[in-house]
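Proteins come first, then strands; the chains are lettered A, B, ... in the order of their sequence lines, and each starts at number 1.
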Number of protein chains: 2
Amino acid sequence: MGTHFASHATASHRFPKFVVSQGAANVEGAVVQRVDSGTILFAEGDDAECVFEVVSGTMRLYKALADGRRQITGFASGGQMLGLAPERHYVCTAEAVTPMVLRRYQRRAFDRRIDSEPGMARRILQAVSNELRMAQDQMLLLGRKSAVEKVASFLLRLAETEADTETVDGDVADRIDLPMGRGDVADYLGLTVETVSRTFTKLRNDGLIALPTPSSVEILDSGQLRELAAGVADDGGMLRRAAGW
Amino acid sequence: MGTHFASHATASHRFPKFVVSQGAANVEGAVVQRVDSGTILFAEGDDAECVFEVVSGTMRLYKALADGRRQITGFASGGQMLGLAPERHYVCTAEAVTPMVLRRYQRRAFDRRIDSEPGMARRILQAVSNELRMAQDQMLLLGRKSAVEKVASFLLRLAETEADTETVDGDVADRIDLPMGRGDVADYLGLTVETVSRTFTKLRNDGLIALPTPSSVEILDSGQLRELAAGVADDGGMLRRAAGW
DNA sequence: CGGCAGATTGACACTAATCAACATGGGTGG
DNA sequence: CCACCCATGTTGATTAGTGTCAATCTGCCG
């Protein structure tokens, strides 16, 4: 790891837009709300007054250190709920990657439903548990995977969620659209923009993926990608060759 | 990061004891259970048939890659619940670091109480949310902190939890007992044993901590430790000195 | 067409991993 | 009771993998 000075933080990271446009349609306690990309929906430490549901678009959820180093803890899109955990304050910052449509609920109304509806708390628990499971996978990725393994895992995860929303079976999509830029991917995987870029290039040169544009990826060899993601520690035979096996 | 081959995995990691001794006392659906250190209480992927509560001792919770690389996602001690999330399978492995006393509940009985008692689901939700918050802190640590920052954060976190259980105020304990070895600390922080050891030594030489024994730490300068943990990127003036400021 | 943000590539620096030797210390058997 | 042994921890030398700094490329929008 380097010296960590946030030399690559861009202006949009440092001075994000705090404007939150007010929505219109009101359906059973929900307010539909439209926000521009770059909008900070809520910041780490804010009073958790609302719960949000993503209708369309992608958000980045992150925590940051004093000097600007940032760790994206997850991306939220299509149907995902934000601010579910019954904490007094938001535990991370939520910022729009793309223009978005959201449903906003008042925390108080939400809590009432939790206490009244029998199955409600259970459903929320299910959602939070799911987040926890993903968080633990991410810890394994951040703590123990190499750059290629991280990127491979990331691509496969995206491919699976895209396949879930588009198809019925548990297959992976062969074409992924990346709503976020290299900087976001880097902050998600605990890498730098340059390393992410180099790793994409390496995977392309090795024939595992194609990059029609920087923001769209085609998966050419999902098998090898999966091996990398699972951490089989196959480095293309470099070790074997070096040792003369 | 290195080549990741688990050359430092010890025999106890590879061939842990799977024996789980059967307990005796039965209090309102709970079975008290005693296990030796090294015992695997449950493994990642096992059917989640029981919920456990730690009475005494410390457990490591971890996920592992195919080649043995291991990421400890957390340590569980005094009063903490394991296997709360309503998943069909355990999402990580739980192994005793020290000899332990546990209370074991049947999952089915637990689910019944969740559905019957109104406040129950909410309390579980609270516990799972707390785990999620800690998981996100850990992601920030793993993805964006340097070795010293990681170790400083780790020590402070331990000191705070020890203070919570011993004192009333929010102060930190000045003396910490580490139930786990350097290997566990390394796998928790995404480092190697050697780096953890070197970092402890560095903190001792800098006068921030004392090490009466390898498994007990005294905090001498919690202020500077906190600065390190918060990521103020103060490297003790190394940069300035090197550049001749 | 020009400008600019994002992405890529290259050269180099540096952190932490690897490999290896040595220290410590708690337990066991003679 | 002491010597040995093995697990654990520490320290040293070297290197691999990423980070950093800097230049260049690409594509989009005014």
Legend entry - Under 3.5 Å donor-acceptor pair, B:Arg198 side-chain atoms to D:dG9 base atoms: no
Inset, instruction - Examine D:dT11: is either OP1 or OP2 under 4.0 Å from a nitrogen or oxygen in the side chain of B:Thr201? Give yes or no. - result: yes
Inset, instruction - Please tell me which of the listed nucleotides, D:dT18, D:dT20, C:dT8, lies nearest to the side chain of A:Ser146? - result: D:dT18
Legend entry - Test applied, side-chain contact (heavy atoms from CB on, under 4.5 Å); reference residue, B:Leu140; option that passes from A:Thr73, A:Leu142, A:Leu65: A:Leu65
Legend entry - Closest nucleotide among C:dC19, D:dC21, D:dT18 to the B:Glu194 side chain: C:dC19
Legend entry - B:Leu228 and its side-chain contact (heavy atoms from CB on, under 4.5 Å) partner, picked from B:Leu203, B:Asp221, B:Val151: B:Leu203
Inset, instruction - Verify the contact: side-chain N or O of A:Thr195 to OP1 or OP2 of D:dT18, cut-off strictly under 4.0 Å; return yes or no. - result: no
Inset, instruction - For the residue pair A:Arg133 and A:Gln138, confirm or rule out a side-chain donor-acceptor distance under 3.5 Å. - result: no
Inset, instruction - Would you mind telling me which of D:dT11, C:dA17, D:dG19 lies closest to the side-chain atoms of A:Thr192? - result: D:dG19
Inset, instruction - For the residue pair A:Lys145 and A:Ser153, confirm or rule out a side-chain donor-acceptor distance under 3.5 Å. - result: yes
Legend entry - Separation of D:dG12 P from B:Asn205 CG (nearest whole Å): 10 Å
Legend entry - Minimum-distance nucleotide (side-chain atoms of A:Ser197 versus C:dT18, C:dT9, D:dT20): C:dT9
Legend entry - Side-chain donor-acceptor contact under 3.5 Å, B:Tyr62 with B:Gln71: no
Inset, instruction - State, to the nearest 10°, the angle formed by the axis through the first five base pairs of the helix from C:dC1-D:dG30 to C:dG30-D:dC1 and the axis through its last five. - result: 30°
Legend entry - Minimum heavy-atom distance A:Gly57-A:Thr98, with the two atoms named: CA-OG1, 3.2 Å
